[in-house]
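One structure is given below, encoded as structure tokens.
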Amino acid sequence: MKNMLIKIFVPVISVLCSFIIGAILITIIGGNPMEAYTYLFKGAFCTPANIGETVIKAVPLIFTGLAATFAYKCGVFNLGGEGQFVMGAVVSIWISTTLKGITGIPLIIISLTLGTIAGGIWGAIPGILKITRGLNEIIVSIMLNYVAILFMGYLYTGPLREGNVPQTASVPVKLGRIFSQSRVHYGIVIALILTLIIYYFLFYTSKGFKLRAVGLNQIASQFNGLPVKKFMLFSFIISGAIAGLGGSVELHGTQFRLMSGFGQGYGFDGVAIALIGQLNPIGTVLVAYLFAILRTGATTMQVGSGMPTSVIDIIQALVIVFAVAGSAFINLPKIRQFFSNVFSKPRKEPL
Amino acid sequence: ASSNSTSTTGSTSQVESDDVSESETEDKTYKVAMILDSSISDGGWGAACYNAMITAAEKCGFETQYTDNLTTADFAPTMRSYADMGFDLIFAPGNQYTDAVKEVAADYPNVYFALLNGTVETDNIVSLLPDAQQIGYMAGALAGLMSKTNSIGFIGGMELDTTKIKLESYEKAAKAVNSNIQVYSAYAGSFSDSAKGKEIADSMVTMNDVDVMFGDASAVDSGAREALSNYENRYDIGQPSDLLAIQESDVVIGSVVTDNAAMLEICMEDVKKGTYGNKTIYGDLSNGAISVGTFSDDVPEDIKEKYLEIVEQIKEGTFIEE
Amino acid sequence: MRELLVMKNITKKFGDIYANKDINLIIREGEVHTLLGENGAGKSTLMNILIGLYQPTSGSIYYRGKKVKIDSPSKAMKLGIGMVHQHFMLVEAMTVFENIILGVTKDSSIFIKKDRIKKDILELASKYGLNVEIDKPITEISVGEQQRVEILKALYRGAELLILDEPTAALTDIEVEGLFRVIKKLISEKKSVVFISHKMREVLEISDRITILRMGHTIKTLDKNKTNAEELAALMIGKKMVSSKYKKVSKTKENIIALEHISFNKESKHNGIKDISLTVGKGEILGIAGVDGNGQSQLAQVVTGVITPHEGNIYLYGKKVAQFDPNDFINSNISHIPEDRNKMGLIGDMSVKENLILKSIEKSKFSLKKGLFLKKKIINQYSNEMKKKYDIRCSSIDQEVRNLSGGNQQKIVLARELEMEPELLVAVHPTRGLDIGATKYVHDKIISARDKGCGVILISADFDEILKLSDRIAVMFEGQIVGIYSGDNPPIDEISLAMAGKAE
Amino acid sequence: METVFDIIFIQELLLSTVRMATPILIVALAELYSERAGLVNIGLDGIMTFGALSGFLICYITGNPYLGILAGAISGILINMIYAFCTIHLGAEQIVYGMAINIFAPALASFIYKIYFGISSTLVQATLMKTVPIPILNKIPVLGVVFFNHTPIVYIAYLLVPLTYVFFSKTKLGLNYKAIGEFPKAAESMGINVMLNKYIACIICGILAGIGGAYLTTAYISTYSDGVVAGRGFIALSAVIFGRWMPGGVLLAALLFGFTDALQLRLQVMSSGTPYQLLAMIPYLSTLFVLAFFGIKKAGPKANGKPYFREER
Ligand SMILES: Nc1ncnc2c1ncn2[C@@H]1O[C@H](COP(=O)(O)OP(=O)(O)OP(=O)(O)O)[C@@H](O)[C@H]1O
Ligand SMILES: Nc1ncnc2c1ncn2[C@@H]1O[C@H](COP(=O)(O)OP(=O)(O)OP(=O)(O)O)[C@@H](O)[C@H]1O
Ligand SMILES: [Mg+2]
Ligand SMILES: [Mg+2]
């Protein structure tokens, strides 16, 4: 009970803190913080369309966040979310624009599936290099991000270019919209179902349990008969596949084609989201949604109040800084002790 | 900051009708907004487009606003926000925004869109199309005339279509004025990595003895100019602003100026008159949207004369027959 | 004798738990003062307060009559207090030399004057008979040697009060004797020693005075000469303890495991095993005696499938093992109590419950459809049962095992391994660091497993333990088996010589 | 066309390699100091950007590039203190704070630039640091130009490599410092002040990463624009891992990146037919191949990335 209270209380306080500093900043540059924040709120929540935009924004973040969560749970640092996201989309666009004779939902399903596989393969590379050659996955996955993005650039300026703009053709079939008032597409449903599956897998199945064990102590896992390397490779592949599916969904749901800047920054956002969400799939979704609120709201706020875009980025960073600092703060041994002194009945003998 | 936010809560599909009636009253202040995927302070494309909007807006009495450093995924939502906020005209300076503009324009029939380098014409989208070929020809001709080493260079930021056309016609024009010309080109893969621009220019000079360069890569170009300034008799041709009119330089010999403001002005007037849509405003030498910039002293009089003659031919369409 | 140090009313809370409550302790100059207490009684905590690693919740410390505030280990060092921690504080990526000079500011030079310092250290080492290979990386020296390095570290810093927190847990008898010589030399120089150990024989041999802690409280301080083992044990656990003697059995015909010419050589020649042939029968305990660092770890890992031998074969229940994989060995009913419970046995960040079912989660008892559905209720029920049956003291089965005392951690490993009803149990240092109560408990469990027909390979550096439990004793030296003896009336002197490599 | 193995080509290629490797080297050393104390900082890109801005700004105002470098160093420290406080004192996740810096610092830099310079159609230029050839040495054929005709920052960067080596393997402070990244509790119990050293690590990291950024805008090019850093921080991060947490290795890694990038640009100029994206992949792919070929099992400082609290078990 007291834990729940603290868990809700602290993020709220942290976000408030960052807003106060943001307000000071806005005032300094001659803006009106109240007005700005009103826009922020309106932008994120005011109309069904705006709420929809927020959800749309959250979708790719959920995928990359889940990808990071899955890898980190097994103790592997997949920083290659962006590359896997992009490769998923790349294969999807290739398949869906070249495959003849299939249309409609079957085409989407094929396209998403192959995108997922592509992400999985891209994720498998650092995994294989790690378990066979002992290479550090961080460096490999960062390098692969650059390669994937350049490869995508090659495709949309070269072989898959359509017309006179450096971009690919648009996907022939798009993910359907759920509501008529907003652009929210079925990608969010896929994301949420995936979240539940991952949550169930990690915390309610034996394989998930073992995967977490490997993530926490590899040596003990090995001594206790868990196939450590298999799990590590598996988590790389699944992590990549999740990101790849994310890229595919983003392609079919919102972007429809590849062009410069596709998927930019989602990989690292995902890592931050997963960590802030305490490596819990549900937490990941919530944090991804918070990020999305900040971003859609921020767009409106910037547009409405006319502040430089950078101010919005500063406020966003402050939210991260304060939110994480807040939760780290209450987890400090000293502070935990303080809380337990305050809340619990005193005098408990040692065990 | 905006003050009439009360009427801007309309849904995506339809902007409320009182907005429309409002736009017909005379004392309405019109508003124009610009979106940008790079920075408006990049000293290149972004800055030029922004300044064009400011210039045009001052003339036509528009209020202005901008959002820069956008990622691809944010193009559409940002324009939607502007549309919701009651902006009349949205300026999207680049054909990479085409999709997003089309999508948002379809949902906001009463908001107007100006798409630079675009090829779309609808009821509320107007394309502004400075003639990339003419720009390339002009730069190429000047480079060809000025080069003493018979090697000239080109730096692209990304492989945009306009960039490719510029490169192509740059090469053609240079070869037309000097058949021995060799053209070297490279892409920085970025519009902001100035250091890379410097390295590319440096390697072109040292390896290929390039002595005149032209670039289509914003901040990267300024890096290239820095490399050139380390050598004697190496020159750069500027664009889209008239660089020598703003800043002194011992490298820049002239600029191919694109006056997007003139084209934007036409759009703004159309907005006011209510005659917006279904057209492409071409920008070329003949309507002054493209022009010859200030020359430096390094350009000898005879070359200048010859060059201006060629520009005249380009304007007439007789320079290179296709 | 003058009082060197007084700790007054020291209280230390961790979260809700009082690790120390109003503890009073007086250390005199030139004495060996022993702290005795069960696992989790608060000995290490008290000493960590003294060394400045922990800050007491309340209470005060007087050193040479002056009140002092020890807020960091460097402060303690300045006062002349040095400590050898229960868990080694050695940086594995560094050499012995580097570990010894870490943080020392004896001379003002920026650079490390290697040759001069080395000479100093070696002089000090030979003065106290602490034999160390100064240029070897920590990972390449044995546990016993690591212990010597720890002591050297403290001495090199010029400690007047040396705290030794369970220094003998990982040492063999011969090494313990060496350590006691060091302690006696220190005392003769008027230095003081705080000694912590669970081994009553050692406590009675070396101490001058003994303070007993129980559940965070000071129970009593006694003079060594005015007490005996029984009284100490009773004070420690709060009740009388009956020590047990186990009967020995002779080897049955039926082999559970047979090793034929097994060799494994990983890095150095000291680190492998060579040409080992052994059998373990049903219902017998084969004790492996030997100085720690003679290949016992590798032996244990080979017979549990963790590492693959380079040469030789292993037969399990008469069938040749084709592939070495821990999981296959587990499925063949082989249990393993590994030498380092924290590193190899337990997942510290997981709960008691999760560690208990780590190996058996996919059994139909706990899950359906190959683990797709877990029977959470049954798992909880089982864990609570185990908590009771094995007397695991934790606040709940959901507590992270990282926060349990060593004894309780070991009980979790024991519960997990024995509940599998193994046919072969490989137990490596099963009672290292455990108090006498817990030790007896573990011994009883191993014996009862044997009596149910389980074959046991018991590897221990504690010779007493080997003698007490083993039905047969094999002696290891430099990776080889140098002799096998019957556990009933074993020739102790002969075995000791064999352990030292002096068998004929 | 010239042959590829032309001596001038090689000289220019190497010169370009040295120039391009320098910022990566400085920043990789920054990360090396950070990770050796157990602090993984992926916010290098952000610190560099802010260093680039403040270096440029001060250089513009004072006309002195050296003051610009100093400003870069100071601002690097300031930015990195956010990371320092949250990760050292609060024990918060290091990756998250690196990310936060990567969002925060470039935004702040962009903001300050716009406020100060407004929007102009060309980039504002400041004074560029002059090269200071080293007498005699710069007369050595080929190598003289390649190595001894640079700005002082370049010399300092390369000098830092042996200095760092000496610091970590020959000095007491270096030994103590390394112990913190390996086993902070042991270090603490040896009387080493872990917190203090971690802060020092953050200060060094801030200084070097800030200088790395300021180098770009005061000694490499003389303008600032958003995005000047262009991902060099992440390359530096990789260089540390590639270099196995050793200064010599880091130098090699930075040179490899610099070399392949310089080569790639030249290949682009020479072969205009090849899609540039494929050539631009060369630095990344060659890194992967070199790594895969040699294979590194080294995991870096043991306590890297883990929070440390004195009273935690
Ligand atoms: N850092 C810590 N955080 C939380 N609890 C702790 C910590 N250190 C010790 N404890 C708890 O304090 C109590 C005393 O532990 P301590 O390590 O002092 O026991 P001990 O007497 O040394 O036991 P052992 O013989 O097993 O070494 C135990 O309940 C333990 O769980
Ligand atoms: N008491 C001792 N006195 C002197 N040297 C010793 C002592 N104990 C062990 N050594 C030496 O320490 C060195 C390293 O032993 P190490 O622990 O690395 O090997 P090991 O124990 O055989 O391997 P494992 O740890 O797998 O059992 C050997 O040279 C060994 O002889
Ligand atoms: Mg203890
Ligand atoms: Mg050993």
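Because the structure is predicted, anything quoted here is derived from the model rather than measured. Throughout, protein chains are lettered first and strands after them, A, B, ... in sequence-line order, and every chain is numbered starting at 1.
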Interface moiety of A/Val140 toward chain D, non-hydrogen atoms closer than 4.5 Å: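 Both the backbone and the side chain of A/Val140 come within 4.5 Å of chain D.
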
To check you understand the geometry: which heavy-atom pair defines the closest contact between [X] and [Y], and what is its length?
{"X": "D/Ala292", "Y": "A/Leu129", "value": "CB-CD2, 4.0 Å"}
{"X": "A/Val324", "Y": "D/Ala92", "value": "CG1-CB, 4.0 Å"}
{"X": "D/Leu291", "Y": "A/Leu135", "value": "O-CD2, 3.3 Å"}
{"X": "D/Phe293", "Y": "A/Arg133", "value": "O-NH2, 2.8 Å"}

Hey, can you pull the donor-acceptor pairs under 3.5 Å for the side chains in residues 99-118 of chain D, sequence neighbours left out?
{"residue": "D/Asn102", "atom": "OD1", "partner": "D/Gly46", "partner atom": "N", "Å": "2.8"}
{"residue": "D/Asn102", "atom": "ND2", "partner": "D/Ile42", "partner atom": "O", "Å": "2.8"}
{"residue": "D/Ser110", "atom": "OG", "partner": "D/Asp226", "partner atom": "OD2", "Å": "3.0"}
{"residue": "D/Lys114", "atom": "NZ", "partner": "B/Asp68", "partner atom": "OD1", "Å": "3.3"}
{"residue": "D/Lys114", "atom": "NZ", "partner": "B/Asp68", "partner atom": "OD2", "Å": "2.6"}

Spacing of D/Glu93 atom CD and A/Gln278 atom CD [to the nearest 0.5 Å]: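 That separation rounds to 9.5 Å.
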
- request: State the CZ-CD1 distance between A/Phe268 and D/Ile95, to the nearest 0.5 angstrom.
  value: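 Between atom CZ of A/Phe268 and atom CD1 of D/Ile95 there are 8.5 Å.
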
query: Among A/Leu144, A/Val319, A/Ile314, A/Val311, which has the most heavy-atom pairs under 4.5 Å with chain D?
result: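 Top count of heavy-atom pairs under 4.5 Å with chain D: A/Ile314.
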
task: Give the member of A/Ile320, A/Leu275, A/Asp313 that has the highest number of heavy-atom pairs under 4.5 Å with chain D.
output: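 Most pairs with chain D among the choices: A/Leu275.
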
task: Please confirm whether the backbone N or O of A/Val321 pairs with a side-chain atom of D/Tyr97, one donor and one acceptor, at under 3.5 Å?
output: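 Present.
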
message: Run the side chain to side chain donor-acceptor pair (under 3.5 Å) test against D/Lys198 and tell me which residues pass, sequence neighbours left out.
response: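 For D/Lys198 there are no side chain to side chain donor-acceptor pair (under 3.5 Å) partners, ignoring immediate neighbours.
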
Test side chain to side chain donor-acceptor pair (under 3.5 Å) applied to D/Ser34 - qualifying residues, sequence neighbours left out: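 Applying side chain to side chain donor-acceptor pair (under 3.5 Å) to D/Ser34 gives none.
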
query: What parts of residues 146-157 of chain A touch chain D if we use heavy atoms and a cut-off under 4.5 Å?
result: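 Result: A/Tyr146, A/Val147, A/Leu150, A/Phe151, A/Gly153, A/Tyr154, A/Thr157.
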
Derivation and outcome, side chain to side chain contact (heavy atoms under 4.5 Å, CB included), residues D/Ile235 and A/Met143: CA-CA 8 Å; D/Ile235 299 295; A/Met143 295 295 122; 4.3 Å; yes

